[in-house]
Amino acid sequence: MNRKAIRTENLTRDFPTVRAVDNLSLEVPTGIVFGFLGPNGAGKTTTIRLLLGLLEPDSGRGEVLGFEVQTQADRIRERVGALLEDDGLYERLTAYDNLDFFGAINHLTTPERRNRIRHLMEHLDLWDRRSEQAGKFSRGMKKKLALARALLHRPALLFLDEPTAGLDALSAVALRDDLTSLVHQEGVTVFLTTHNMAEAEKICDRVGVIHKGQLVVEGRPNEIGAQARQPSVKVSGSGFTPEILAEVGQVPQVVGVARSEDGLTIRLKEQGEIAGLVRLLVNRGAQVEEVHKVSASLEEAFVTLMREQSQ
């Protein structure tokens, strides 16, 4: 049975004017990248702070790596890495000295620190800049240095709160690629919050969507897309006359038919057999070249879910 890196049961946290986390029950297996998605104010950062023991829950419970968040927070923080809103760097220190300082805090020996720092800085293309003050780094380089700091002591679990926020597109892609490579190399479990749905879809094995402190849905990105959008089929070809479109629209499983330059998009009530639709098109004289099911992107699914929750 796969051990859980994170487990919560009805975890709840109130502030004076809002319930930030509302009866959150969640399980995150070890060895995956888990994306925790939601709009601003949904409760993502509060959840991370609860899991790190930086905030006390009002009710419910949580475990991280088998340790209770309320009574064993120190043991949790020894075993996890975290990159939160504040990068936590000392800007007057050099990049190398930043990592050396944090390595000493985490009880790494001098040889361990030396080898580990070089490995991470070379992987993140920072080694040639190791003697420069961190304050002179670009925003993207500071994020990389903070990521190295979070991974320095070989944590079993890494919390990343909007790691690419504020970065330009090229810097965000570079950091994401570095992160993906390091995660696989290190074998670390990742709990990631992000607003970037394309980013989440590319690197997350599973995602959970939170809205107003409540977990709305959890699963693989493609599963969530299937739940949040009516299934549809794209048919490429020619000869799709108005009469054929009208006849397809009368099929019981069809919700609607839309014509485009290169074919049709047929929206269905539910996933099902499409061979009969293709047979109908061919029998009526249409030239069918290609047929494939249309998958909703995670971004489309997310927008649909948020609209449904706001109604």
Side-chain angles (χ1 to χ4, degrees), residues 28 32-49 80-91 95 98-99 102 117 119-130 132-152 155 157-210 220-222 224-225 295-303 305-306:
V28 178
I32 72 166
V33 179
F34 184 87
F36 200 49
L37 315 179
N40 287 333
K44 302 187 300 296
T45 298
T46 301
T47 298
I48 286 182
R49 293 187 176 278
V80 305
L83 175 52
L84 306 182
E85 300 143 301
D86 182 356
D87 58 36
L89 300 174
Y90 292 99
E91 298 205 341
N98 261 279
L99 297 184
F102 283 109
I117 289 170
H119 169 73
L120 289 171
M121 293 191 86
E122 285 183 343
H123 192 102
L124 293 167
D125 295 324
L126 294 175
W127 182 247
D128 291 341
R129 310 285 295 274
R130 63 190 180 279
E132 294 182 27
Q133 284 185 335
K136 295 181 180 179
F137 278 10
S138 67
R139 187 189 294 262
M141 290 175 63
K142 286 180 180 178
K143 291 274 191 178
K144 285 188 174 189
L145 185 59
L147 177 60
R149 185 212 70 214
L151 286 166
L152 194 61
L157 173 63
L158 183 62
F159 287 100
L160 299 175
D161 193 10
E162 302 283 353
T164 59
L167 299 184
D168 61 74
L170 289 177
S171 297
V173 169
L175 182 63
R176 185 183 69 221
D177 291 345
D178 287 333
L179 170 62
T180 303
S181 175
L182 277 170
V183 164
H184 288 127
Q185 185 181 93
E186 302 276 324
V188 62
T189 303
V190 177
F191 188 89
L192 166 76
T193 74
T194 180
H195 284 108
N196 189 325
M197 296 300 120
E199 179 176 86
E201 194 160 25
K202 286 179 180 177
I203 68 174
C204 293
D205 301 294
R206 299 185 71 83
V207 298
V209 178
I210 187 174
R220 296 183 182 277
N222 61 337
I224 290 176
S295 300
S297 69
L298 184 59
E299 183 173 48
E300 291 172 322
F302 178 80
V303 170
L305 286 167
M306 291 304 99

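Remark: Asp205 pairs with Ile32, Val33 by the side-chain contact (heavy atoms from CB on, under 4.5 Å) rule, at least two apart or across chains. Residues satisfying the side-chain hydrogen bond (donor to acceptor under 3.5 Å, both in side chains) criterion with Asp177, sequence neighbours excluded, are absent altogether. Residues passing the ring-ring contact (aromatic ring centres under 6.0 Å, His included) test with Phe159 are Phe191, sequence neighbours excluded. Every residue meeting the side-chain hydrogen bond (donor to acceptor under 3.5 Å, both in side chains) condition with Thr194, not counting sequence neighbours, appears here in chain and number order: Glu199. Contacts of Thr193 classified as side-chain hydrogen bond (donor to acceptor under 3.5 Å, both in side chains), with partners at least two apart in sequence or in another chain: Asp161.
Pairing each heavy atom of Asp178 with each of His123, the nearest pair is OD1-O, 4.0 Å. Of all the heavy atoms in Ala146 and Leu83, the pair that sits closest is CB-CD1, 3.4 Å. The heavy-atom pair separating Asn98 from Ala134 by the smallest distance is ND2-CB, 3.6 Å. Counting all heavy atoms, side chain and backbone alike, Leu182 lies closest to Leu120 at CD2-CD2, 4.0 Å. Closest approach of Pro163 and Leu175 over heavy atoms only: O-CD2, 3.4 Å. Contact detail for Thr47 and Gly43: the closest heavy-atom pair is OG1-O, 2.8 Å.
Contact check for Leu147 versus Leu179: side-chain heavy atoms found under the 4.5 Å cut-off. Between Leu151 and Leu158, some side-chain heavy-atom pair lies under the 4.5 Å cut-off. No side-chain heavy atom of Leu124 sits under 4.5 Å from any side-chain heavy atom of Leu145. Looking at Met121 and Arg129, their side chains never come closer than 4.5 Å, going by heavy atoms from C-beta outward. Considering only heavy atoms from C-beta on, Lys136 stays 4.5 Å or farther from Glu91 through its side chain. A 4.5 Å side-chain heavy-atom check between Leu192 and Cys204 finds at least one atom pair inside the cut-off. Taking the side chain as every heavy atom from C-beta outward, His195 and Asn40 approach each other to under 4.5 Å. Within the 4.5 Å cutoff, side-chain heavy atoms of His184 are placed close to those of Thr180.
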Give the intermediate values and the outcome of salt bridge (charged side-chain N to carboxylate O under 4.0 Å, His left out) for residues Lys143 and Asp87.
CA-CA 7 Å; Lys143 291 274 191 178; Asp87 58 36; over 6 Å; no

Decide yes or no on side chain to side chain contact (heavy atoms under 4.5 Å, CB included) for Phe36 and Ile210, but give the supporting numbers first.
CA-CA 7 Å; Phe36 200 49; Ile210 187 174; 3.7 Å; yes

Under the criterion side chain to side chain contact (heavy atoms under 4.5 Å, CB included), I'd like the reasoning laid out for Gln185 against His119: C-alpha separation, chi angles, the key distance, then a yes or no.
CA-CA 12 Å; Gln185 185 181 93; His119 169 73; 2.9 Å; yes

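Once rounded to the nearest 0.5 Å, the distance linking CG of Leu89 with CE of Met141 reads 11.0 Å. Rounding to the nearest 0.5 Å gives a distance of 9.5 Å between NZ of Lys142 and CZ of Phe137.
Under the salt bridge (Lys or Arg N to Asp or Glu O under 4.0 Å) criterion, the residue pairs touching residues 40-49 are Arg49-Glu85, with sequence neighbours excluded.
Here the side chain of Ser171 pairs no donor or acceptor atom with the backbone of Leu167 at under 3.5 angstrom. Under a 3.5 Å cut-off, the side chain of Arg149 and the backbone N or O of Ala82 do form a donor-acceptor pair.
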